[in-house]
Amino acid sequence: LTRLRKESAATNALLWSRDLSNAAWSTKTNITAAKTATGLDGIANTATTLTATAADAIILQPTSGIASAARCASAYVRRKMGTGTISFTQDGGSTWTDITSLINTSTYYRVQITATLANPSVGFKISTSGDAIEVDCVQNEAGSVATSPIVTTTATVARNADALTYQTSGNIDATVGSCYVRYSAYEEVGTFHRAIIGLSTVASTANALLYNASSVASTSLYSGDGTTSISKSGLLSAANAPRKRAISWGGSTRLMTGDG
């Protein structure tokens, strides 16, 4: 088990996430949108070229029926021509985030913005006439961080949460053994997130060999065999930071360490 990514459930509330020439992107002011760009997948004409025909060109897609909550808007953006300001919004242009310094002419860069609001309206502003950008996989979802791209066309698309398990029988011995985990969490979800090596699919300390409960301020490690558990507090915790957790067990002895 060298590498995997486990994501929570998410729904892209935007339609036609790769084709911004579609009518779902209903506000187009001083801008042309054409599905002529090479996308993230390296395939021609799968992403959108946006070109300003006058100053302060704007494109937006509104949504409806979405209650007020923390929302994250994201998109992969690459500059095609020009040097003027490029901005991104999810509140219909009431506020704009300048993404100029983040994008370049060589590679797509994923920009993301967060806000608490209802019915987000997502889009771009190109400040200088004649400037152009290429855009792929535009997304709006609940939460404070962008998950991996969810491609949409005529309808919103929901992605189920990942449920990842590994056969323990013959691979993990609950009587004696050791394990080492290196991982990072792309966000702090509420108060806790967990990295678990357990003896069943139930996420609790009672049946875990290694259980990590962490908040922004501190981290505790738990090891349980169904009857006992031990903890190690004071470990650092930060989103997107690599973390290392290790434990060994045998007989009445349990040892653990974190981050060295």
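Keep in mind that this is a model prediction, so the values were computed, not measured.
In this structure, Asn12 and Ser17 have side chains that are in contact, with non-hydrogen atoms separated by less than 4.5 Å. The closest side-chain heavy-atom distance from Thr46 to Arg18 is below 4.5 Å. Annotation: side chain of Ser148 is in contact with side chain of Glu7 (closest heavy-atom distance under 4.5 Å). Using a 4.5 Å heavy-atom threshold, the side chains of Glu134 and Thr48 count as separate.
Here Leu102 is tied into one hydrophobic group with Leu14, Leu15, Trp16, Leu20, Trp25, Ile31, Leu50, Ile59, Val77, Ile86, Phe88, Ile99, Ile103, Tyr109, Val111, Ile113, Val122, Phe124, Ile126, Ile133, Val135, Val138, each link being a pair of ILVMFWY side chains closer than 4.5 Å. Through direct or relayed side-chain contacts under 4.5 Å between Ile, Leu, Val, Met, Phe, Trp and Tyr, Ile58 connects to Leu60, Trp96. The hydrophobic cluster around Tyr108 extends to Leu40, Tyr76, counting ILVMFWY residues whose side-chain heavy atoms fall within less than 4.5 Å of a member.
Heavy-atom minimum distance, Pro62 versus Ala24: CD-O, 4.2 Å. Scanning all heavy atoms of the two residues, the minimum distance from Gln112 to Ser74 falls at CB-CB, 3.9 Å.
Considering Asn119, Thr11, Leu117 in turn, Asn119 is the only one that fulfils the side-chain contact (heavy atoms from CB on, under 4.5 Å) rule with Ile66.
Using a cut-off of 4.0 Å between Lys/Arg side-chain N and Asp/Glu carboxylate O, Lys80 and Asp131 are scored as not salt-bridged. At a threshold of 4.0 Å, the pair Glu141-Arg71 does not count as salt-bridged, since none of the basic side-chain nitrogens sits closer than that to a carboxylate oxygen.
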